[in-house]
Amino acid sequence: MIKNLLLSALLLICCASAGAQQITFSSTKTPATVHKNIKKAPANALKWGYTLDDNFSALGTNAAGTFGVAIKVPGTGELKGGKVVSVNLPVYYTGMKNVSVWGAKSLEKPIKVFEKAVTGDLEVGYNEITLDEPYEIDGDFFVGYTFTITSVTDSKAGHPIGKVDGDAPGSLYINQNGSFVDYTGGGYGMSALQIFVTGVQQDDYNAVFRLNKGIFTVAGSENVVPVELLSNGKQDISNIEYSVEINGKTETKTADIAIPGGFRKSGKVNVAFTSPAAIEPYNIKLTIDKVNGQENTNKTPLYIYGDNVTRKAPYKALVEEYTGTNCGWCPRGWVGMEAIKNQLSDISVPIAVHQYNTTDPMLIDEKLYAALPVEGAPSAVINRDSGIDPYYGTYDDVDFGILQDVKDLASTVSPVDINVKAIYNEDQTKVETTAEVEFLSNSGTYSVEYVLTADALKGTSSAWRQRNYYYNHLTSDYDIDLTSELVDFCIGGKYGKEFVFITFNDVAIASSYENYLNTATEMPIDFVAGDKFTDTFTLKMPTKAALKSAIQKDQVYANVMVFDENGYCVNAARVRVLTQEEAAGIRNHTATSDHTSAIYNLAGQRINANSVRGIYIQNGKKFVK
């Protein structure tokens with residue numbers, strides 16, 4: 001159950017057309033960069049790749065054979081005139097045989113422009129392979145590596161290709177006992193392969209904004225939007241001057257940001273501007289004019305689609321974790337999600353989706369939950385965007401980087417406001433969840449989903465144990481900060497065993513999905529700001545014995561999420577499920593054992609303490625029997 005049905009179908013179609021094995025996914029964080037093979041790149045060499053991170057996960061066909069992996073390298077622009085001096089080979093499975101790195105002008109019957117056999121032992125992580133002679137870049141070319149898997153003995157052997165999340169043209173070509181196939185754009189991620197280049201004529205300051213989705217803003221107000229800044233300049237960046245053009249009017253703003261010099265260095269900057277007064281869509285043009293007070297050589301503008309809303313509603317980001325009890329690396333996801341729950345509950349709705357292994361007592365069938373865009377466990381998805389690590393997030397090995405990812409969304413303006421109430425039926429086998437969604441803009445297409453989650457789940461049988469691969473690792477193996485709870489799962493920690501009993505929170509136990517389809521009521525497509533959509537949806541409580549017995553009825557929560565036409569979550573809300581008595585405003589109170597304290601029914605009649613189930617009064621307090 002590594003992938004959802006939709007992506008599995010995509011994989012099958014794509015790979016069938018290539019006459020090859022199905023590509024599947026495995027995911028883990030690798031140790032810090034390993035430099036291998038006699039010589040190293042010169043100190044002034046610049047690292048280039050579709051990722052500059054030191055960590056990667058993996059994919060493969062789960063079959064033996066000879067494979068090739070390649071990326072396309074642009075010979076113009078940022079690398080023009082440079083020389084490739086070494087290849088940074090991502091190694092996930094050290095048992096690869098006949099490994100070589102190479103460069104070629106074409107992937108059709110490739111004529112190699114350089115090639116280097118990899119000798120010596122491989123190590124997990126990046127292995128730097130220095131070329132015998134530098135290759136001078138004189139146009140677009142491909143860099144790749146070839147290897148053989150003689151037999152599949154474990155998951156690493158079956159998934160030997162280093163990859164990272166994301167998607168970009170030219171970032172992933174794979175040869176499976178035949179010809180190279182372009183796998184970009186299919187949700188497979190990007191190759192983790194990198195190169196080191198010297199002699200590049202690099203500008204001092206070359207910076208652009210990046211943002212891949214539209215935004216909502218409060219009409220006629222000062223708005224702050226986090227935007228990624230990508231730098232290809234050789235100087236460090238401490239501040240920028242940028243212009244914002246809206247409806248022919250231009251504002252000039254400044255912002256501080258710390259980004260080191262180099263290629264493809266990035267960070268997030270809060271862009272501020274005043275939105276138009278009308279409740280209608282508009283376009284924003286952002287241009288970085290100066291960097292550190294000097295002219296920016298890259299004046300390529302970023303165009304953003306904006307839409308105004310009437311007011312800023314309470315906002316919570318949806319954070320879904322793909323996990324399972326038999327996932328050995330998932331303790332770091334558990335730690336990350338616990339941190340979100342404990343520190344950011346006011347701006348997030350965390351949900352743990354247990355789908356990794358069928359022996360998991362908290363398993364929620366793929367048919368009964370939305371398909372998540374993930375490629376293995378542990379993974380996290382914020383607002384149903386691309387998958388990230390549930391502990392490091394997108395912050396390159398920063399402990400609890402996932403927290404910063406959620407904090408970055410705290411200022412988000414949502415096009416909807418959500419109010420929720422949820423009540424058990426009489427025998428507490430079902431939950432009626434009522435959502436009131438107010439539209440704050442005049443346009444858009446939205447859908448609603450419902451999910452029940454449970455806290456404080458645990459058990460004593462072996463099925464409830466969480467597998468832990470960190471138990472035989474030192475914290476230094478993974479650069480774990482000693483203040484992080486992940487230390488508890490390493491050598492010497494209180495959870496420092498291969499299988500551990502922990503308490504699971506925010507676990508998805510039911511949703512509005514049936515047979516892969518969301519069965520919630522469709523939301524209207526014709527509305528204006530101020531219109532409200534009210535819907536009541538009934539969710540069934542789990543009936544499987546192991547999970548049912550672990551659920552505490554006062555630890556169950558109803559979650560309501562609203563998505564736009566692109567499947568992006570624009571807002572979410574959560575409330576605890578109430579009993580009928582709680583919903584009626586009756587405080588739960590247990591009758592005392594004081595026989596001198598009389599018990600009365602609601603009609604004021606004194607009754608026997610052994611009366612039938614109902615609502616009674618004792619010592620002036622209502623209680624439920």
Side-chain angles (χ1 to χ4, degrees), residues 20-21 23 26 28 30-41 45 47-51 53-73 84-104 106-107 109-135 141-164 171-181 183 188-197:
Q21 297 286 332
I23 291 184
S26 176
T28 185
T30 60
T33 301
V34 176
H35 291 287
K36 187 73 177 171
N37 204 25
I38 309 174
K39 295 185 293 182
K40 297 180 181 178
K47 183 167 68 173
W48 187 94
Y50 289 91
T51 175
D53 196 355
D54 285 344
N55 293 281
F56 50 86
S57 55
L59 61 88
T61 63
N62 206 31
T66 297
F67 301 87
V69 181
I71 60 175
K72 187 175 184 178
V73 182
V84 181
V85 292
S86 60
V87 176
N88 223 16
L89 177 66
V91 174
Y92 185 72
Y93 173 59
T94 59
M96 294 188 299
K97 305 296 183 183
N98 305 320
V99 183
S100 65
V101 298
W102 46 265
S106 171
L107 293 181
K109 297 181 180 179
I111 299 175
K112 306 290 177 60
V113 295
F114 66 80
E115 188 168 16
K116 175 71 180 263
V118 179
T119 58
D121 295 333
L122 296 171
E123 296 184 27
V124 174
Y126 274 105
N127 293 237
E128 186 178 332
I129 313 302
T130 302
L131 304 182
D132 294 330
E133 296 291 338
Y135 169 69
F141 68 105
F142 297 86
V143 171
Y145 62 102
T146 303
F147 61 92
T148 299
I149 301 297
T150 56
S151 64
V152 176
T153 56
D154 56 25
S155 178
K156 285 192 173 184
H159 301 81
I161 301 171
K163 53 81 65 176
V164 294
S171 62
L172 182 63
Y173 300 86
I174 298 176
N175 184 332
Q176 307 172 68
N177 299 316
S179 59
F180 276 95
V181 175
Y183 282 93
Y188 300 91
M190 306 182 294
S191 169
L193 189 64
Q194 301 169 349
I195 58 176
F196 285 96
V197 183

Asks: Look up atom CG in Asn62 and atom NE2 in His159, then write down how far apart they are to the nearest 0.5 Å.
Replies: 5.0 Å

Asks: Show the numbers, then the answer: is there a side-chain contact (heavy atoms from CB on, under 4.5 Å) between Ile161 and Phe147?
Replies: CA-CA 10 Å; Ile161 301 171; Phe147 61 92; 4.0 Å; yes

Asks: List in chain and number order the residues that pass side chain to side chain donor-acceptor pair (under 3.5 Å) with Thr66, two or more places apart in sequence or in another chain; answer none if no residue qualifies.
Replies: Thr148

Asks: If you define the side chain from C-beta out and look only at heavy atoms, does anything of Ile149 sit under 4.5 Å from Met96?
Replies: yes

Asks: On a heavy-atom basis, which atom in Pro160 and which in Gly60 lie closest, and how many Å separate them?
Replies: CD-CA, 4.1 Å

Asks: Answer yes if the ring centres of Phe142 and Phe180 are under 6.0 angstrom apart, and no otherwise.
Replies: no

Asks: Ignoring hydrogens, what is the shortest heavy-atom contact between Trp102 and Val69? Give both atom names and the distance.
Replies: CZ2-O, 4.3 Å

Asks: Indicate the atoms forming the closest heavy-atom contact of Leu89 with Val99, along with that distance.
Replies: CD2-CG1, 3.9 Å

Asks: Report yes if the side chains of Asn175 and Tyr173 come closer than 4.5 Å at any heavy-atom pair, otherwise no.
Replies: no

Asks: To check you understand the geometry: which heavy-atom pair defines the closest contact between Ala157 and Ser151, and what is its length?
Replies: CB-O, 3.8 Å

Asks: State, yes or no, whether a side-chain contact exists between Leu172 and Met190 at a heavy-atom distance under 4.5 Å.
Replies: no

Asks: For side-chain contact (heavy atoms from CB on, under 4.5 Å), just list the numbers for Phe114 and Glu133, CA-CA rounded to whole Å, side-chain angles, deciding distance to a tenth of an Å, and then say yes or no.
Replies: CA-CA 8 Å; Phe114 66 80; Glu133 296 291 338; over 6 Å; no

Asks: State, to 0.1 Å, how close Ala192 and Phe56 come at their nearest heavy-atom pair, and which atoms those are.
Replies: CB-CB, 3.8 Å

Asks: Do Asp154 side-chain atoms and Val152 backbone N/O form a donor-acceptor pair below 3.5 Å?
Replies: no

Asks: Show, in sequence, the C-alpha distance, side-chain angles and deciding distance for Tyr188 and Ile174, and conclude whether the side-chain contact (heavy atoms from CB on, under 4.5 Å) test is met.
Replies: CA-CA 11 Å; Tyr188 300 91; Ile174 298 176; over 6 Å; no

Asks: If you take all heavy atoms of Leu193 and Ile71, which pair is closest and at what distance?
Replies: O-CD1, 3.8 Å

Asks: Tyr50 side chain to Lys72 main-chain N or O, any donor-acceptor pair under 3.5 Å?
Replies: yes

Asks: Quick one: pull up CD in Gln176 and CZ in Phe67 and give me the separation to the nearest 0.5 Å.
Replies: 6.5 Å

Asks: State the CD1-OH distance between Ile195 and Tyr135, to the nearest 0.5 angstrom.
Replies: 10.0 Å

Asks: Please say which of Val73, Leu131, Val113 ends up in a side-chain contact (heavy atoms from CB on, under 4.5 Å) with Val84.
Replies: Leu131

Asks: Does any part of the side chain of Val101, heavy atoms only, come nearer than 4.5 Å to the side chain of Val143, both counted from C-beta?
Replies: no

Asks: Test your reading of the model: is there a side-chain donor-acceptor pair from Lys116 to the backbone of Asp132, 3.5 Å cut-off?
Replies: no

Asks: Please report the interatomic distance OG1(Thr150) to CG(Asn98), rounded to the nearest 0.5 Å.
Replies: 9.5 Å

